[in-house]
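Each remark here refers to the structure printed beneath this line.
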Amino acid sequence: MKIFKKLHIQVLLAILLAIVFGLLAPKQAVQMKPLGVGFIALLKMMLGPIIFCTVVHGVGHIKDYRKLGRLGIKTLVYFEVVSTLAMLVGWATVTLVQPGTGLHAHDLTESGGAAAVIKAGTTGDFSFTHFLLSIIPRTLLSAFTSGDILPVLFVSLLVGFALSAVSKPDWAAFRLLEEAQAIVFKILGFIMRLSPIGAFGAMAAAVGGYGGTTLLYLLRYILTYYGATLIFIFVILGIVSGMAGLSILRILSLIKEEAILAMGTGASEVAFPRLVTKLKQAGCDEVAVGFILPAGYSFNIDGACIYMACGLGFISQATDTPLSWSQQLALLAVMFLTSKGGAGATGGALVKLTASLQSTRVLPMGGVGLLFGIDRVLGVATSTTNVIGNTVATLVVSRWEGLFDRRQFDAMLHERTQTAKPDLAASPRG
């Protein structure tokens, strides 16, 4: 049947099979983990070239730097406002529901346990100055080997500005960039064919490794966290989208494949390459996509913000460590900084949460152990929220700046709807 040829359907079926496999044969399921790790590594390998080609090609054509300046300011203001709202939604939800109250996990007030698994040095050295300096790579080439998005974006902007300043319309450099983009996205197409295998390996290892006991033990918190992400997506992002004349439901329909991919792998960065192509096809200007989307993966990680706020509130309740208003405000202020930087990689939100605990020391570090076992389960919602949040950011800011073609957006959604109808009609006969 034609419907099973669609990539997102294949990924969804792989996830369902992985859940069944993980429950029935947990030991064998854990051994599938390299499939997921390998697929994520393949996609991370492509991030640098895709960002470089997209940003340089877009910025290189700019002659009006005031336009880019306005775009940059509006983008960063949007990121800070929306990510702060994400934290407040997470904190308010966990405070209202109180999922950790009554757990009395006093044994976790001692440091160590699962928190020790987080490498020393990844959390203790955080400062705003260190964060700013980390954007500058040691060399132009090392930006592409560090694994972080911000240094690549920094170098790409520099090259784009330089190309814009010295280039002429007929320069061969622009043709080379276009050809390089074609090659990079062709390679990406080859890799994406493996996405069902990657999603199967990642999900099977998660279910097989953590099993049902931990999930039942922390089910209330899992549901609370998922509820917070749904409130953020449909209420906060719904309102933001509506202010720009867009429907959150139509946006979700546009990126359903990328959202399912992030859901299956637990890493929002795996959807980045496909989002670059899809948002340009959906009417967003190349300059807007090339600037807003990569920046969003460092400054607008909405899912991670909710994760951190919910996690800190849950640890406070579960370890019977009440927080004063001043301590709550201090935690939110620290999270405002620690949530920045780094792509939405698997486990990244847990590291950021640990950084917040390490910086404030108002909650026991051992409380991280409560979340360590279910981090992969929570990561499904975290990564999906990150993808949706950055998509909305790109569409909304592009529309505000007049870098968005509404007719092209509507035409793409109409075409996708018409394409899906024959598949559904044909499926009973298949």
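We're numbering straight along the sequence, starting at 1.
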Are any of the side-chain heavy atoms of [X] and [Y] separated by less than 4.5 Å?
| X | Y | result |
| --- | --- | --- |
| Val392 | Tyr78 | yes |
| Ile292 | Ser398 | yes |
| Met87 | Ile306 | no |
| Leu88 | Leu332 | yes |
| Leu395 | Cys284 | yes |
| Leu403 | Val397 | no |
| Arg274 | Ile255 | no |
| Pro273 | Thr277 | no |

Which atoms form the tightest heavy-atom contact between [X] and [Y], and what is the distance?
| X | Y | result |
| --- | --- | --- |
| Ala288 | Leu71 | CA-CD2, 4.1 Å |
| Val184 | Cys53 | CG2-SG, 4.5 Å |
| Ile233 | Ile248 | O-CG1, 3.8 Å |
| Ala228 | Val89 | O-CG1, 3.6 Å |
| Cys310 | Val94 | O-CG2, 3.6 Å |

Just how far is it from atom [atom1] of [X] to atom [atom2] of [Y], taken to the nearest 0.5 Å?
| X | Y | atom1 | atom2 | result |
| --- | --- | --- | --- | --- |
| Asp302 | Ile236 | CG | CD1 | 10.5 Å |
| Leu279 | Met412 | CG | CE | 8.5 Å |
| Asn386 | Cys305 | CG | SG | 8.5 Å |
| Lys280 | Leu293 | NZ | CG | 10.5 Å |
| Leu323 | Leu312 | CG | CG | 8.5 Å |
| Ile251 | Thr391 | CD1 | OG1 | 8.0 Å |

Test of understanding: with ring-ring contact (aromatic ring centres under 6.0 Å, His included), list the residues that count as partners of Phe52, not counting sequence neighbours.
Phe144
What residues, two or more places apart in sequence or in another chain, satisfy ring-ring contact (aromatic ring centres under 6.0 Å, His included) together with Phe409?
Phe404
Can you check whether [Y]'s main-chain N or O pairs, donor with acceptor, with [X]'s side chain at less than 3.5 Å?
| X | Y | result |
| --- | --- | --- |
| Tyr307 | Ala381 | no |
| Arg406 | Gly245 | yes |
| Ser241 | Leu237 | yes |
| Lys33 | Gly201 | no |
| Glu258 | Phe272 | no |

Side chain to side chain contact (heavy atoms under 4.5 Å, CB included) between Arg220 and Val97, intermediate numbers included
CA-CA 9 Å; Arg220 189 177 180 187; Val97 179; 4.2 Å; yes
With sequence neighbours excluded, what pairs up with Lys74 under the side-chain hydrogen bond (donor to acceptor under 3.5 Å, both in side chains) test?
Glu401
Take Thr382 and Tyr225 through the side-chain hydrogen bond (donor to acceptor under 3.5 Å, both in side chains) test and state the conclusion after the steps.
CA-CA 9 Å; Thr382 304; Tyr225 175 66; 2.4 Å; yes
Could you list all the salt bridge (Lys or Arg N to Asp or Glu O under 4.0 Å) pairs where at least one residue sits in residues 228-242, not counting sequence neighbours?
none
Pro137: which residues meet the side chain to side chain contact (heavy atoms under 4.5 Å, CB included) condition with it, sequence neighbours left out?
Ser142, Ala143, Pro151, Phe154, Val155
Please enumerate all residues that pass side chain to side chain contact (heavy atoms under 4.5 Å, CB included) together with Met32, with sequence neighbours excluded.
Phe21, Leu35, Phe200, Ala204
